[in-house]
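Here the structure comes first, spelled out in structure tokens, and everything after it is commentary.
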Protein chains: 2
Amino acid sequence: MDRPAGRRPTVKDVAKLAGVSQGTVSNALSGMRGVDPVTRQRIDQAVAQLGYVPNLAARRMRTGMTHAIAVMTSMPAAVSAGSSRLGFLMEIAASAAIHALEHNSALVLVPPVADPATALRNVAMDGAIIIEPQRDDAFLSLLRQRGLPTVVIGQPAQDDLPWIDMHYSETAEMLLSHLLQQGSRRIALIIGASQRVSQGITEQVYHAQMQRFGIAPRVIRVPEAEGEEGAYRVTRALLQQDPGLDGIFAPVDAFASGVMRALREEGRAVPGEVRVVTRYDGLRAREERPALTAANLHLDQVAAMATRVLMDLIAGREIAHCTKGPSPSLVIRDSSAVQGG
Amino acid sequence: MDRPAGRRPTVKDVAKLAGVSQGTVSNALSGMRGVDPVTRQRIDQAVAQLGYVPNLAARRMRTGMTHAIAVMTSMPAAVSAGSSRLGFLMEIAASAAIHALEHNSALVLVPPVADPATALRNVAMDGAIIIEPQRDDAFLSLLRQRGLPTVVIGQPAQDDLPWIDMHYSETAEMLLSHLLQQGSRRIALIIGASQRVSQGITEQVYHAQMQRFGIAPRVIRVPEAEGEEGAYRVTRALLQQDPGLDGIFAPVDAFASGVMRALREEGRAVPGEVRVVTRYDGLRAREERPALTAANLHLDQVAAMATRVLMDLIAGREIAHCTKGPSPSLVIRDSSAVQGG
DNA sequence: CGCCTTGAGTAAAACGTTTTAAAGGTCGAG
DNA sequence: CTCGACCTTTAAAACGTTTTACTCAAGGCG
């Protein structure tokens, strides 16, 4: 493999060495068209000798394909930053990267930043996976504007985009049923104030369950931007106001952290006096003391599905508008165990 | 913004509408050369009207710049897969993504896969961050072969690549001193069998410390590929053979999990009878019961440094051969607390 | 034998941008 | 008035690949 000094060898160099035209080299390497076996062998040899590696940028410009997909979320930094939601994003990214590679594509990570427009300006991609977009999501509208194939993990607010169903209502039911089964009878829901699909559905399920058990509903909305701190504040107020509370459902794990801190400082025993559950089983849920009961959302499988659907979409294959993700499973931890359990 | 049906507007369309040449448009948009303010305004208006977005592939082919960097590791799957080491990789990737974006670059995630060659074939990048490479690292040799700027997180085995010092010896000293200070006097080191720089240094530090305290060293090597299971096996054997053991240092967190399981099944109290510490403070360390004392390696800062150095390297700026990362800090958890602490 | 099809190969165009070489114009100094 | 310096603008080249349109030869079939 002797490289012509300075310059990387091109298809032209290979063609010259093999004594054929550029077109034939292209056909031999990646081409659909037939090439005589003996010619192909000459070309292969030239490639090996020169150490030729195709220039991806040139190929991509010519074909229009980027061979890269992106993963992004527009969660506000207060809930997505640090180790909490970032875990959510990263679990999905890791799995998507592996599966993208199986389709000869790279995965680029678009971090949650203040300015989505500049973030996307420098990222080339064939399509995107967007995680739990909100109504009027900035990333989503940019993607639409560029006409990029997009798959939603979670549920789209109003769009007709293909999506992976994460079973929002099933998850909420599972966690609430667990609280009820453990004996909680005055259960509060602490939820984000934004217009997110997951929150709407969770709230609906909560109201239905409370009504079934004849429990007065107690919904507290926290602006997402206030994150853990906001949840801490409202929980302290809530505990003063309603001392008989014996269960809290805080789907956002950053909120759950705030809830736990409030309970500690109010001197309430968990799970003795108050049981707490959250949704995403990430670092926060596991590190809390007592550790939080949560749902295993099987994000690796969800991401694998999203990647496959996106690849189908990009390739122009037929796709299902909605793909059912794996059902969540309950991870019972100390924060909701029956007394003495 | 009225797009000429079907085709995305190009610089040529903008030029025509603004009544100037392509070159002037290019100069106005990204160019270094002067453009008359009034002309520039006409061009800006044309851009807005057409909704022009530069074709990144074309730009990249022309300039030779990809505006993307990659993060990769070649840790064997047994220790890097699942939530343990993957956490390590992802913590770095998340931080690198944010900082890459500040330099107008995307971050692509190269997952640890069986075949590095095919993994890299489809990834275009200006440079790479490689995490704790081993001797004769497959990724590393591919990067070298393609002549790509590379920064090592950890320490390179024999290469002259720029690297971010993660303070291997300082970390090992800190964790061992902690064990000694907590009263442990028969301390075993359970470490990977491979030729990794971090392991060599850790072992050296261990021997020095043991000698200083007049303790007979006890080093057990586990093939990395055996992961948690391997560590479990050797620890059970170790406990039978040396019942007086009162401290275990297992730098690899997957090994620490195996160690804890062995201790449980042998009925040894942690930290009562045996104290355990590990290195990377990830999901595994926090989720273990009792939770493991570990080192906060400040991976976000390490990744930020690596990204900056890589960007300097790509831009051809002067760089330091070795950059000191942040000093690790001790995170004391129950697995090493003094009795009754 | 004549005609059509097929297969292998080639030269040149095309992709959309940035860069280069050159040209036109203005302005000030001599 | 002339010359050079400087600024703006342009036409065309260049980047490295894939695709297109075409040629040429060989072979099958009537």
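This is a predicted model, so every value here is computed, not measured. When reading the values below, keep in mind they use all heavy atoms of this one structure, side chains included, and skip hydrogens, waters and symmetry mates.
- Protein chain A contacts DNA chain C over a range whose 5' and 3' limits, counting nucleotides with an atom under 4.0 angstrom from a non-hydrogen atom, are C:dA8 to C:dG16.
- Each side-chain hydrogen bond (donor to acceptor under 3.5 Å, both in side chains) pair with one or both residues in residues 111-125 of chain A, not counting sequence neighbours, appears once here: A:D115-A:T118, A:N122-B:N104.
- A:D159 pairs by the side chain to side chain donor-acceptor pair (under 3.5 Å) definition with A:R144, not counting sequence neighbours.
- The side-chain hydrogen bond (donor to acceptor under 3.5 Å, both in side chains) contacts involving residues 302-323 of chain B comprise B:D312-B:R317, where partners must be two or more places apart or lie in separate chains.
- Screening B:L313, B:L310, B:T66 against B:D126 for a side chain to side chain contact (heavy atoms under 4.5 Å, CB included) leaves a single residue, B:T66.
- For residues 41-67 of chain B, no residue pair satisfies the salt bridge (charged side-chain N to carboxylate O under 4.0 Å, His left out) rule, not counting sequence neighbours.
- Rounded to 10°, the angle separating the first-five-pair axis and the last-five-pair axis of the helix from C:dC1-D:dG30 to C:dG30-D:dC1 equals 50°.
- Rounded to whole Å, atom C1' of D:dT19 lies 15 Å from atom CG of A:L29.
- Legend: residues meeting side chain to side chain donor-acceptor pair (under 3.5 Å) with A:S21, ordered by chain and number and at least two apart, are A:T24.
- At a threshold of 4.0 angstrom between heavy atoms, the contacts of B:S26 include nucleobase atoms, whether or not backbone atoms are also involved.
- Residues that satisfy the salt bridge (charged side-chain N to carboxylate O under 4.0 Å, His left out) test with A:D165, not counting sequence neighbours, are A:K324.
- DNA chain C is contacted by both A:P37 and A:Q22; A:P37 maps to the nucleotide lying nearer its 5′ end (nearest heavy atom per residue).
- Looking at residues two or more places apart in sequence or on another chain, you find a side chain to side chain contact (heavy atoms under 4.5 Å, CB included) between A:L148 and A:M125, A:L143, A:R146.
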Enumerate all atom pairs, one protein N or O and one N or O from nucleotides 20-27 of chain D, separated by less than 3.5 Å.
from, atom 1, to, atom 2, distance (Å)
D:dA21, N6, A:R33, NH1, 3.3

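- Using a 4.0 Å heavy-atom distance criterion, A:T24 is classed as a base contact.
- A search for side chain to side chain donor-acceptor pair (under 3.5 Å) contacts involving B:T150 returns nothing, not counting sequence neighbours.
- Legend: residues meeting side chain to side chain donor-acceptor pair (under 3.5 Å) with B:D36, ordered by chain and number and at least two apart, are absent.
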